[in-house]
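Just below is one structure, and these are the notes that go with it.
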There are 2 protein chains.
Amino acid sequence: MAVSISKGTHRAAAGWIDCAPLGRLPETLELLATRAGAETGKPLYNAGDAADSWYRLLTGAACECVLTADGRRQIVNFLLPGDLFGFCARSRHEFSVEIIVDGTAFARYPRRQAEELASADAEVASAIRQRAFESISRLQARMVLLGRTNALEKVSAFLLEMAERPSVGIGDDLVLPMSRYEIADYLAMAVETVSRAITTLKAQGAITLANSRQVRITDRLALEHASAESRRRSSLAPTDASGRVSRTVKLYTSSFASQERATSVRHAG
Amino acid sequence: MAVSISKGTHRAAAGWIDCAPLGRLPETLELLATRAGAETGKPLYNAGDAADSWYRLLTGAACECVLTADGRRQIVNFLLPGDLFGFCARSRHEFSVEIIVDGTAFARYPRRQAEELASADAEVASAIRQRAFESISRLQARMVLLGRTNALEKVSAFLLEMAERPSVGIGDDLVLPMSRYEIADYLAMAVETVSRAITTLKAQGAITLANSRQVRITDRLALEHASAESRRRSSLAPTDASGRVSRTVKLYTSSFASQERATSVRHAG
DNA sequence: CGGTGAATTGAGGTACGTCAAATTGAGTGG
DNA sequence: CCACTCAATTTGACGTACCTCAATTCACCG
């Protein structure tokens, strides 16, 4: 299974795996890094731990997750080679990071030093800012997914998302580093539903499976339009969509606006 | 309806509404800003427009949203006074911003200048980075919400989230700037379900309504544990949760790890 | 007082979650 | 090499929470 990473337009720095769209981090930042490996199943850190480092995943896979009050795991992000993570607005992490595959390795950037470097080095600051903006974009895109979609759409979009990640998808051949359970926790569905969706996609000829982890996308259009049937209903009721476009709300608007205006004046005085 | 914003620990710069947790932006950045107002229902910008500015909402309310292929609107974020937005990793916006209430006003920061300033001024860079990290935290928190929760939980969490926003909630009294439709599009539910959930919360004594926009939280604990009943089932099956904790996956792991190692060697050579 | 859109309430269908069983497939020991 | 084990995945059956469609009530406004 020889794999070529060079399919993208981005050039890799020697010695660095370089999968993320925005390419390598500045040398000055990399000089801070220490390397570490971790084993499957072990958390790199837990929610509530001190957020004293940033990290970058080098090889393998991990996920950012929370354990909800009902004992379930919600995966908020898969971390793949090249991903920078561990950012935290507060002093303590809000999420845990769990290793998904053996042989996963990280670079660790001491937060204080990295932030000092970001203050001193505009290139570093810019790189980190770009990564953060990217994260925001990805998270927002995922939110759209989680929100308004049925099972088939979610799984289809998930596969397409993975196909965009150089470390998972080479062309239309994917090697998924995560289990069905992890996919389920990522998409907020039951494992069984994930499995059924995959079966359906297979039956539709959109994908083929070499084994449960190796997926080949055979019909991209089918994936992209996975839910054409389920969407048909809404085309019958376009009034619903337009009906949801916000209209002027006079009473509340004015009271809300004046409330804001009041505070504005208050501060100006 | 006099409203005091000064409840937080953050001090406001004269003339600026200052609700966001991280306080005001550096003066040097504010000097770039131009002000603009907009009317309800009009988009500030649309998905696909050139992302040539960052924005900060001053008064009123707006939302970041996408129109999905089936004609629905998915709201990925509510924008309230103090919020900085319009960040974009690419050159074009991926989301539209729609005004929700009349009298909404923005500060606009030309992107090129702001980025140049961020490169030159570490304080600006740090402030923006902090805001971005915060956005990431909020988005991740919302993802947890969108994922694993029933209708009652979603609406309860939404109300608690709004109660955290100084421009919406003063103590436990909320004035929601958005309609039920917008709440529905935010939580990815049907309006009817939102309405029913609110009715249920009212019946449970967790909230009272002065009118449909003015909500008083009368029992925070009830909101925080809104779903105690619906969660009970999972306590009966803790094995499920532990069963989902990832275990070693030897075959795929090794192939995946060696794949990564191969690319690593490749780049090092 | 009628008009209008927002919000609520009601009734019914369905996609997905849950529980349970069958199947696959890799690792292990004889 | 083959039986056995154990976990991952798939398949099946069934109940229910939510979505859809429809009707009603509510709040504001001319």
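In what follows, chains are A, B, ... by sequence order, proteins preceding strands, each numbered from 1.
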Test of understanding: with side-chain contact (heavy atoms from CB on, under 4.5 Å), list the residues that count as partners of L67(A), not counting sequence neighbours. R73(A)

Using atom CD1 of I183(A) as one end and atom C1' of dA8(D) as the other, report the distance to the nearest whole Å. 12 Å

Whole angstrom is fine here: how far is it from CG in L152(A) over to C1' in dG17(C)? 17 Å

Between P on dC29(D) and CG on N211(B), what's the gap in Å once rounded to a whole number? 12 Å

Roughly how many Å is it from CD in E182(A) to C1' in dA7(D), rounded to a whole number? 14 Å

Can you name the side-chain contact (heavy atoms from CB on, under 4.5 Å) partners of A157(A), sequence neighbours left out? L145(A)

Quick one: Q74(A) CD to dG17(C) P, roughly how many Å, whole number? 12 Å

Can you list every ring-ring contact (aromatic ring centres under 6.0 Å, His included) pair that touches residues 183-206 of chain A, not counting sequence neighbours? F78(A)-Y186(A), F158(A)-Y186(A)

Quick one: label A188(B) by what it contacts on the DNA or RNA (base, sugar-phosphate, nothing), any heavy atom closer than 4.0 Å. sugar-phosphate

Separation of atom NZ in K154(B) from atom C1' in dC18(D), rounded to whole Å: 10 Å

Whole angstroms only, please: what is the CD-P distance between E153(A) and dC19(D)? 14 Å

Return the set of residues passing side-chain contact (heavy atoms from CB on, under 4.5 Å) with V144(A) (not counting sequence neighbours), or none when no residue passes. V66(B), T68(B), Q74(B), V76(B), F95(B)

Going by the rule side-chain contact (heavy atoms from CB on, under 4.5 Å), which residues pair with D173(B) if we only count those two or more places apart in sequence or in a different chain? R216(B)

Rounded to the Å, how far apart are R72(A) CZ and dC16(C) C1'? 12 Å

Check: protein-nucleotides 9-12 of chain D nitrogen or oxygen pairs below 3.5 Å:
residue : atom : partner : partner atom : Å
dT9(D)  : OP2  : R180(A) : N            : 3.3
dT10(D) : OP1  : R180(A) : NH2          : 3.2
dT10(D) : OP2  : R180(A) : NE           : 2.8
dT10(D) : OP2  : S195(A) : OG           : 2.8
dT10(D) : O5'  : S195(A) : OG           : 3.0
dT11(D) : OP2  : T199(A) : OG1          : 2.5
dG12(D) : N7   : R196(A) : NH1          : 2.9
dG12(D) : O6   : R196(A) : NH2          : 3.1

N-O pairing of R72(A) and D185(A) below 4.0 Å: no

